[in-house]
A.B. asks: 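If you scroll down you'll find the structure; I have some questions about it.
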Protein chains: 2
Amino acid sequence: MGRGKIAIERIDNTTNRQVTFSKRRGGLMKKARELAILCDADLALIVFSSTGRLYDFTSSSGMEAILERYQEAKEEHSGVLNPSSENPELNS
Amino acid sequence: MGRGKIAIERIDNTTNRQVTFSKRRGGLMKKARELAILCDADLALIVFSSTGRLYDFTSSSGMEAILERYQEAKEEHSGVLNPSSENPELNS
DNA sequence: ATGCCTATCTATAAGCG
DNA sequence: TCGCTTATAGATAGGCA
C-alpha cells in the first residue's frame, strides 16, 4: 500500500527498513486492537525490532494471563480431549 | 475497508462476528508475517477467539524462543541498563 | 453456514517541507 | 534525518452463488 508496491523480502536499506518497521508496527498493533474489540478476542502480540527493541500489545486480560492460557491450550491440545470444565460462554 | 465502514466496538451478531474474526485474523497474521520478513523482526502473535479457540503465529525463531526473549527483555527493563553484549549488527 | 467477489475503506511507500 | 502528506496498493464489509 503506497505509491509503489514492494516485494515481501528483507529491506536492505537500514533507514528504510526502520521507517517501514515503525509504520507497520503501528498498523499491526492497531489491527490487533481492533480484532480484540470487534470480535471479543483475547490476544497478545510481541515484537522485537531488528535492533532488539521490544514492543508488545495485549487485550484486556494482560500478557501473563494470555501466556498462561496459551500454555494451557497447548497442554489440552496434546492430551485432554474434553475440556468441559472451562469456557462458561462457549455457545454457537 | 469494505462496502461500509464500521465502528470499532464489539460486533453483537454472532455469525457476523465470527466471519469478521476469520477475515481479520487472516489479515493480521499476514501483516505479522510481512513485518517479520520485511523488517527482519522477531515476533509472536497469540489469538484466542471468543469461542476459546487458539491461533498463533511466530517468526522463524519460534514461540518458545520468543517468549524466553520476552521474559529476558522484561528483566533487563527492570534492572540491567546496558545490554551491550547483544546486537552484533546494531548499526543504523 | 461457506466461500468467493468487489466496491470501499485503510494502511502505507514515496514525496515534500 | 523526521514528520506530515497523498496517491496507490491492500484489506475487508456486505453481497451473492
A.B. asks: For the pair made of CG in B:N16 and P in C:dT2, what is the distance, rounded to whole Å?
C.D. replies: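 Going from CG in B:N16 over to P in C:dT2 covers 14 Å.
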
A.B. asks: Using side-chain heavy atoms (C-beta onward) and a distance below 4.5 Å, is A:L35 in contact with A:L43?
C.D. replies: yes

A.B. asks: Using whole Å, what does the distance between atom P of nucleotide D:dA13 and atom CD of B:E9 come to?
C.D. replies: 13 Å

A.B. asks: Starting from P on C:dT10, measure out to CG on A:L28 and report it in whole angstrom.
C.D. replies: 18 Å

A.B. asks: Which of these nucleotides, D:dA7, C:dA1, D:dT12, is closest to any side-chain atom of A:R3?
C.D. replies: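 Given the options D:dA7, C:dA1, D:dT12, the side chain of A:R3 is closest to D:dA7.
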
A.B. asks: Starting at atom CD1 of B:I11, determine the distance to atom C1' of D:dG14, rounded to an integer number of angstrom.
C.D. replies: 12 Å

A.B. asks: What is the distance from CZ of B:R17 to C1' of D:dG14, rounded to the nearest Å?
C.D. replies: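 Rounding to the nearest Å, CZ of B:R17 and C1' of D:dG14 are 18 Å apart.
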
A.B. asks: Which part of the nucleic acid does B:K5 contact within heavy-atom distance under 4.0 Å: base, sugar-phosphate only, or nothing?
C.D. replies: sugar-phosphate

A.B. asks: When the distance from CE of A:M1 to P of D:dT6 is rounded to whole Å, what number comes out?
C.D. replies: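 In whole Å, D:dT6 P and A:M1 CE are 20 Å from each other.
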
A.B. asks: Consider the side chain of A:T20, meaning its heavy atoms from C-beta on, and name the nucleotide among D:dA13, D:dT1, C:dA13 that approaches it most closely.
C.D. replies: C:dA13

A.B. asks: Is it possible for you to check whether A:R33 lies under 6.0 Å from the centre of the six-membered ring of A:F57, through NZ or CZ, and within 45° of that ring's axis?
C.D. replies: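 No, A:R33 and A:F57 do not form such a contact.
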
A.B. asks: Could you check whether the side chain of B:R24 and the base of D:dT12 have a donor-acceptor pair of N or O atoms closer than 3.5 Å, going by distance alone?
C.D. replies: no

A.B. asks: OP1 or OP2 of C:dT10 less than 4.0 angstrom from a side-chain nitrogen or oxygen of A:K30, does that happen here?
C.D. replies: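 Answer is no, no contact under 4.0 Å.
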
A.B. asks: Can you check whether B:T58 reaches B:L45 side chain to side chain, under 4.5 Å on heavy atoms?
C.D. replies: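 No - every pair of side-chain heavy atoms lies 4.5 Å or more apart.
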
A.B. asks: Of the options D:dA11, D:dA7, C:dA1, whose atoms approach the side-chain atoms of B:E34 most closely?
C.D. replies: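 Given the options D:dA11, D:dA7, C:dA1, the side chain of B:E34 is closest to D:dA11.
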
A.B. asks: Considering heavy-atom distances to DNA chain D, does B:I6 or A:K23 have its closest nucleotide positioned more toward the 5' end?
C.D. replies: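 Residue closer to the 5' terminus by nearest nucleotide: A:K23.
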
A.B. asks: Mind calculating the distance between CZ (A:F21) and P (C:dA11) to the nearest angstrom?
C.D. replies: 18 Å

A.B. asks: Closer than 3.5 angstrom, by distance alone: can the side chain of B:R17 be matched with the main-chain N or O of B:I11 as a donor-acceptor pair?
C.D. replies: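 Indeed, once roles are kept as given, a pair shorter than 3.5 Å links the two residues.
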
A.B. asks: Establish, for the pair A:R69 and B:F48, whether the NZ or CZ atom is under 6.0 angstrom from the six-membered ring centre and no further than 45 degrees off its axis.
C.D. replies: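 Geometry flag: set, cation within 6.0 Å and 45°.
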
A.B. asks: Write down the distance between CZ (B:R25) and C1' (D:dA11), rounded to a whole number of angstrom.
C.D. replies: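 Atom CZ in B:R25 sits about 15 Å away from atom C1' in D:dA11.
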
